[in-house]
Protein chains: 2
Amino acid sequence: MANRTGQGPARAPRRADGLSRELIIRTAIDMLDSGGEKALTLRALTVRLRTGYGAIYHHVADKDDLLAAAADQVITGVTASTADGSSDPRTALRALALSLFDAIDAHPWVGADFSRQPWRPALLDFYESVGRLVGDLGVQHEARFDAAGALVNYVLGVAAQNAANARLLAGGAADRETFLENAAQQWAQIDPGRYPFVHAAATHLSEHDDREQFLVGVDIFLAGVATLR
Amino acid sequence: MANRTGQGPARAPRRADGLSRELIIRTAIDMLDSGGEKALTLRALTVRLRTGYGAIYHHVADKDDLLAAAADQVITGVTASTADGSSDPRTALRALALSLFDAIDAHPWVGADFSRQPWRPALLDFYESVGRLVGDLGVQHEARFDAAGALVNYVLGVAAQNAANARLLAGGAADRETFLENAAQQWAQIDPGRYPFVHAAATHLSEHDDREQFLVGVDIFLAGVATLR
DNA sequence: ACACGTGTTGGATCGTCGCTCCATTCGTGG
DNA sequence: CCACGAATGGAGCGACGATCCAACACGTGT
């Protein structure tokens with residue numbers, strides 16, 4: 001007689017430490033960081049937390065909710081860390097964009113996540129800061145919305161690219177070195193007659209730094225914004 | 001005795017019209033356009049084509065292969081349609097960017113797809129054309145790669161945004177009107193003290209044209225690129 | 001002490017997905 | 001005419017997200 005009713009299955013003892021939404025999100029972030037997007041399954045989460053589905057779904061609406069909360073958690077604080085207000089708007093904008101770039105670079109799955117559900121509250125802070133700083137640059141009225149929107153879209157575009165590259169990296173190749181070599185080789189095989197520019201870009205691929213190129217893009221944008229003033 | 005061996009199941013007659021990779025991709029595009037990303041399942045595809053899994057997997061490696069082929073199909077021709085070469089580089093770049101924007105706007109799932117597997121051959125054409133035209137603008141050497149990469153990333157970023165918005169639109173709201181109203185109301189509820197810029201942006205949301213704002217962003221970039229010369 | 005209610009937990013179970021596997025069929029060259 | 005390979009249809013597998021409910025802990029009222 002395992003239990004009273006003779007019907008219910010044998011149950012594991014209730015967990016001692018409290019399960020909270022906070023703990024679930026932290027664990028999810030950990031799994032996403034170590035194994036990528038496809039590593040976060042609810043089954044794996046129940047194993048990792050030594051619990052069941054009911055406990056998780058009691059604290060979280062569904063998987064999208066969990067992913068959004070994880071992305072918010074990672075991005076929150078990005079704007080706060082660079083909002084000292086002492087430097088000039090141009091420097092501040094560069095620092096702001098770079099901090100978001102670094103955050104998504106450290107957690108590539110966030111990029112794919114924001115391209116699925118944009119305008120999360122955490123991005124509102126970013127958008128707000130960008131808009132304010134663009135205004136400080138002297139851009140007025142509707143042009144501010146266009147300029148800020150363009151910059152945010154550029155940053156998110158680069159982030160999505162990096163996230164995709166990181167996914168390829170995490171998949172097949174062993175390390176970044178061999179991956180870049182393989183990519184460079186593939187790109188080098190591109191017909192130089194039909195694709196002279198892409199072929200030339202391929203040769204520059206090995207001595208290429210994503211972070212630097214991102215900053216150059218920000219500078220191009222800022223130079224363009226200066227003409228709106 | 002339904003059949004000789006007495007083991008095999010009753011089989012439907014073989015289809016008359018030939019099943020080809022081309023037909024499969026066309027059907028997939030049709031399903032994606034009408035029902036969004038989640039509407040394309042292999043099961044639904046077998047029903048629509050009146051066939052089985054084996055036939056489909058004989059022509060297609062897996063679902064990613066199918067999605068990539070569908071995206072390529074949609075994008076192919078975008079560059080060709082604007083490559084007359086008669087106009088000046090600036091006009092040509094605007095037209096090129098706009099044609100990709102329109103293509104992804106008409107097929108929003110392509111945006112989400114490219115953010116998952118970038119550097120598809122179809123995008124090579126786009127990247128090549130952008131690089132060439134940026135060169136025609138007078139930008140030389142490494143700056144060309146940075147400028148072209150930045151512009152491509154901006155376009156893809158906007159595309160991903162639009163794709164995400166289109167997904168929200170296809171989901172809950174009935175039409176674009178009420179959706180924009182709901183969004184504007186939600187944004188209007190944002191604390192004007194904490195988020196003055198976002199709050200101001202919300203009021204401009206109704207009289208806002210994605211396509212126009214996209215073009216303004218392109219112009220900002222082009223103005224910034226002009227300073228590199 | 002005891003019963004009750006409410007918030008929490010664990011896990012069996014469901015429907016669906018992408019994909020594999022294999023028996024079967026058709027077309028065609030020897 | 002037949003053998004063989006390309007093409008086809010569909011049963012079945014494992015994994016997924018999600019639902020549902022019995023079991024549990026614990027504060028509160030009596």
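Within every chain, numbering begins at 1; the chains are lettered A, B, ... in the order of the sequence lines, protein sequences first and strands thereafter.
- The residue among B/A44 and A/A55 whose nearest nucleotide of DNA chain C is located toward the 5' end is A/A55.
- Note: CZ (B/R21) to P (D/dT8) measures 14 Å, nearest angstrom.
- What separates CG of B/L45 from C1' of D/dG10 is a distance of 15 Å, to the nearest Å.
- Listed by first and then second residue, the salt bridge (charged side-chain N to carboxylate O under 4.0 Å, His left out) pairs involving residues 145-155 of chain A amount to none (not counting sequence neighbours).
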Please list each protein N or O that sits under 3.5 Å from an N or O in nucleotides 13-15 of chain C, with the distance.
none

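- Under the rule for a salt bridge (Lys or Arg N to Asp or Glu O under 4.0 Å), the partners of B/D72 that lie at least two apart in sequence or sit in another chain are B/R120.
- Of the residues in residues 32-41 of chain A, A/L40, A/T41 come within less than 4.0 Å of DNA chain D through at least one heavy atom, sorted by number.
- When the P atom of D/dT19 is taken as reference, atom CG of A/L42 falls 11 Å away, rounded to whole Å.
- A/T76 pairs by the side chain to side chain contact (heavy atoms under 4.5 Å, CB included) definition with A/A122, not counting sequence neighbours.
- Listed by first then second residue, pairs satisfying salt bridge (charged side-chain N to carboxylate O under 4.0 Å, His left out) with a partner in residues 122-131 of chain A read A/E128-A/R132, not counting sequence neighbours.
- Remark: A/R94 pairs with A/R90, A/L215, A/V218, A/D219, A/L222 by the side chain to side chain contact (heavy atoms under 4.5 Å, CB included) rule, at least two apart or across chains.
- Applying the salt bridge (Lys or Arg N to Asp or Glu O under 4.0 Å) rule to B/D64 yields no partners; only residues at least two apart in sequence or on another chain are considered.
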Under 3.5 Å, side-chain donor or acceptor atoms of residues 101-113 of chain A against the rest of the protein: list the pairs with distances, not counting sequence neighbours.
unit_1, atom_1, unit_2, atom_2, d
A/D102, OD1, A/R211, NH1, 2.6
A/D102, OD2, A/R211, NH1, 2.4
A/H107, ND1, A/D33, OD1, 2.7
A/H107, ND1, A/D33, OD2, 3.0
A/W109, NE1, A/D33, OD1, 2.8
A/D113, OD1, A/R116, NH2, 3.3

Which pairs would a plain distance check flag for residues 53-61 of chain A, meaning a side-chain donor or acceptor within less than 3.5 Å of a matching protein atom at least two apart in sequence or in another chain?
unit_1, atom_1, unit_2, atom_2, d
A/H59, NE2, A/L19, O, 3.2

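- Of all the residues in residues 56-74 of chain B, B/Y57, B/D62, B/K63 reach under 4.0 Å from DNA chain C with at least one non-hydrogen atom.
- Using bins of under 30°, 30° to 60° and over 60° for the plane-to-plane angle, the ring pair B/F221/A/F221 lands in the tilted bin.
- Residues passing the side chain to side chain contact (heavy atoms under 4.5 Å, CB included) test with A/A160 are B/S115, sequence neighbours excluded.
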